[in-house]
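Accompanying notes for the structure given below.
Every chain is numbered from 1, with letters handed out A, B, ... down the list of sequences.
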Amino acid sequence: MQELDAVLTSLVHEVFGRDEAPELARPDEQFGDYATNVALRLAKPLGKNPREVADELAAKLRETLGAKAKDVAVAGPGFINVTLSDAALAAHAQQAPNLKPQTYQGQVVVAEYSDPSAFKVLHAGHLYTSVVGDAVANLVEAAGGEVHRVNFGGDVGLHVGKTMWAIMQVLGGENPDKLNDVPQDRHADWMAECYVKGEQAYGDNETAKAEIVEINKRVYQVHAENDHDSPFARIYWTCWKWSYDYFDAFYARIGSHFEKYYPESVTIPVGLKTVREQLAKGVYQESDGAIVFKGEPFGLHTRVFINSQGLPTYEAKDVGLIMMKWDEYHFDRSIIITDNAQAQYMEVVVKSVEQFAPELAQHTTHLTHGRVKLAGGVKMSSRKGNIVRAVDVLAAANEANKKAGHDDEASALSAVKYAFTKTRIGSDIIYDPEESVSLEGNSGPYLQYAHARARSIINKAGHAGGELGDLDTNERSLARKISEYPEVIQRAVDELMPHHVCTYLYELAQTFNRFYELAKVVGNPREATRLKLVELYADVLKNGLSLLGIAAPEKL
RNA sequence: GCGCCCGUAGCUCAGCGGAUUAGAGUACUUGGCUUCGAACCAAGGGGUCGCAAGUUCGAAUCUUGCCGGGCGCACCA
């Protein structure tokens, strides 16, 4: 709570002459609404007994807060527990659903995530990173940021060479017209199968490998020469289009919206130019015919940015991307979300950029997450490349949902989104389809149900709730929990960690259920107050879920 | 070998700029619907917070060292 925070800060300054930022915590309900341990922190530098410090501060706090506090108590080794008056708590709760952090107010933020490779299949990780990325972007947006959601991806590179090689095997050479034989609804799968063939050939067959390397170079040439007419280029661009159509369809399906794609082919010229310029200035260096950045002086490792054939690696493409994002948005913050396998790689890239454009590097945040594993394992098909595809995860969710008697993709998708966002970003997650669609326990569908149930009470009442005033014990518990919402969002924004929202929403629902269990709303002598609480509760649920990209229908 | 991340209840996870009694979900046991949507609620069992030291009045949380797992370390993305 901002007000309490400010009061405490100034009291600490006034009474003890120290500029200590007091931390306000939400303690166990029995201890009060807020707790702070400043006294314990202050005791040592002041050379005083923590209880004494706490007593002194508590007395001042009591005096300052006046009627706003019902109780200011010192407990344990020197905690100060504050219990707000009902009126103060009520006021706080009433503005909770719409109170938003201002952290990114007036700032331009570029959020880059998902990053699929053209000519390849979307796997489970793309689904995960898209869901998490959306949630992070939503948080920043809620905190006032002007968010631009962008998507990077490899439409050139060895993987394209592999797919193109296999495509031409299947077409019997450079026969773009034969692509017409591939049915529209098979485009994506057909290319995925080609990639697997190319990948296998690259590993097993020296001749094929040499051909793929050659094809890879030709793809770069197609871009360099802006070739759209040669048979080879026509195959490439047709399949390129198929890939991006496939991505668009997928994002539409999961409700992700990107402002733009940055295919690597467009970042390459900028990347090459930048790296070469900075090679001249000594940021990058030549080594064995390649152009590298030596990370060792910074405690990092060396990476190749332009290989000895003169082709840009992922590193140079990423440098180009960073420069382009800066040119186009002049961002205050650039957030890049990827698998954590890229953590150290990205450190090197950003460190290299920091050498010639420190402000870009300083305004870049790399958020990394783990991998998705399916609970109980999945049957993998080598024909499909030994990976769990994004559609496989959605299919598993849909299947589990059907088994539970709910046959609609929207609810299955909500289940997946919640399951993906409810754990802290960083570690691998284990996705259990059945648990995710379950209406019991900490799941997306459960919260949707909780919301619908609250709306149903509101509908039954047929009128709006009144203003909150005095509160009985259960009402107070619910109001207290509702009042936490802005603090939770603030924390989620500060840490860029959407799981805090999930944890909170579930706790809130539990608090509500206790409230709901103990006394009726409609027809209760305290109906006006209770109904208002139901409204606030439903609004918080709806707003919180929307941050996670999950809809809150009125009815299920 | 070096570097990064991770190890909390049977399982899945919160808690981690130290602090009031380590929490949820799930699974298991029990009780509660003629009552606003019981998809819920109440109660119970279940934890050497990987191990060991250190810092501290106080450590799941900070430091160091082990052990275990994941990932990364030059021309892939």
Can you tell whether the side chains of Asp33(A) and Arg476(A) come within less than 4.0 Å, N to carboxylate O?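 Salt bridge: yes.
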Indicate syn or anti for rC51(B), taking the glycosidic torsion and treating anything within 90° of 0 as syn. anti
From the list [options], which nucleotide is the closest neighbour of the side chain of [X]?
X         : options                   : result
Ala75(A)  : rU35(B), rU20(B), rA77(B) : rU20(B)
Asp428(A) : rU20(B), rG70(B), rC76(B) : rG70(B)
Ile457(A) : rC6(B), rU20(B), rC36(B)  : rC36(B)
Lys520(A) : rU35(B), rA74(B), rA14(B) : rU35(B)
Glu23(A)  : rA77(B), rG17(B), rA74(B) : rG17(B)
Arg491(A) : rC73(B), rA38(B), rG15(B) : rG15(B)
Arg303(A) : rG32(B), rA77(B), rG37(B) : rA77(B)
Glu264(A) : rA77(B), rC36(B), rG32(B) : rA77(B)
Phe31(A)  : rA42(B), rU21(B), rC71(B) : rU21(B)
Val304(A) : rA74(B), rA77(B), rA14(B) : rA74(B)

Within the structure shown, what part of the strands sits under 4.0 Å from [X] by heavy-atom distance: base, sugar-phosphate, or nothing?
X         : result
Ile430(A) : sugar-phosphate
Pro50(A)  : nothing
Ala35(A)  : base
Leu556(A) : base
Thr423(A) : sugar-phosphate
Asn81(A)  : base
Asn513(A) : sugar-phosphate

Write down the distance separating the [atom1] atoms in [N] and [M], rounded off to the nearest Å.
N       : M       : atom1 : value
rC13(B) : rG32(B) : P     : 35 Å
rC51(B) : rA60(B) : C1'   : 14 Å
rA24(B) : rG44(B) : P     : 11 Å
rC33(B) : rG50(B) : C1'   : 45 Å
rC36(B) : rG47(B) : P     : 40 Å
rC62(B) : rG7(B)  : P     : 10 Å

Rounded to whole Å, how long is the line connecting atom [atom1] of [X] with atom [atom2] of [N]?
X         : N       : atom1 : atom2 : result
Lys162(A) : rC76(B) : NZ    : P     : 9 Å
His301(A) : rA74(B) : NE2   : C1'   : 9 Å
Arg51(A)  : rU20(B) : CZ    : C1'   : 11 Å
Tyr220(A) : rA77(B) : OH    : C1'   : 10 Å
Arg453(A) : rU35(B) : CZ    : P     : 15 Å
Asp339(A) : rC6(B)  : CG    : P     : 15 Å
Lys351(A) : rG72(B) : NZ    : P     : 22 Å
Tyr504(A) : rG15(B) : OH    : P     : 16 Å

Counterpart base for [N], defined by Watson-Crick or G-U wobble contacts under 3.5 Å:
N       : answer
rU61(B) : none
rG68(B) : rC6(B)
rC33(B) : none
rA14(B) : none

Do we see a donor-acceptor contact under 3.5 Å between the side chains of [X] and [Y]?
X         : Y         : value
Asn442(A) : Tyr418(A) : yes
Ser438(A) : Glu440(A) : no
Glu435(A) : Ser443(A) : no

For [X] and [Y], take the angle between the two ring planes, folded into 0 to 90°, and tell me which bin it lands in: parallel under 30, tilted 30 to 60, perpendicular over 60.
X         : Y         : answer
Tyr284(A) : Phe305(A) : tilted
Tyr244(A) : Phe247(A) : perpendicular
Tyr236(A) : Phe119(A) : parallel

Report yes or no: is the ring centroid of Tyr314(A) under 5.5 Å from the six-membered base ring centroid of rC76(B), with the two planes under 30 degrees? no
Might you work through the salt bridge (charged side-chain N to carboxylate O under 4.0 Å, His left out) test for Arg424(A) and Glu495(A), ending with a clear yes or no? CA-CA 10 Å; Arg424(A) 186 178 194 91; Glu495(A) 297 179 16; 3.5 Å; yes
5'-most by nearest nucleotide on RNA chain B - Pro77(A) or Ala452(A): Pro77(A)
Ala343(A) or Ser287(A), whichever maps to the more 5' nucleotide of RNA chain B: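 On the 5' side of the pair lies Ala343(A).
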Atom pairs under 3.5 Å: protein N/O with N/O of nucleotides 25-27 of chain B:
from, atom 1, to, atom 2, distance (Å)
rG25(B), OP1, Gln510(A), NE2, 3.1
rU26(B), OP1, Gly441(A), N, 3.4

Considering all heavy atoms of both residues, which atom of Thr511(A) and which atom of Ser477(A) are nearest to each other, and what is their separation?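 Reported closest heavy-atom pair: CG2-O, 3.8 Å.
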Between the base of rA74(B) and the side chain of Thr313(A), is there a donor-acceptor distance below 3.5 Å?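 No, the side chain and the base share no sub-3.5 Å donor-acceptor pair.
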Is it possible for you to check whether Arg371(A) lies under 6.0 Å from the centre of the six-membered ring of Tyr128(A), through NZ or CZ, and within 45° of that ring's axis? no
Using the benzene-type ring in the case of Trp, are the ring centres of Phe515(A) and Tyr537(A) under 6.0 Å apart?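 Here the rings of Tyr537(A) and Phe515(A) have centres that are no less than 6.0 Å from each other.
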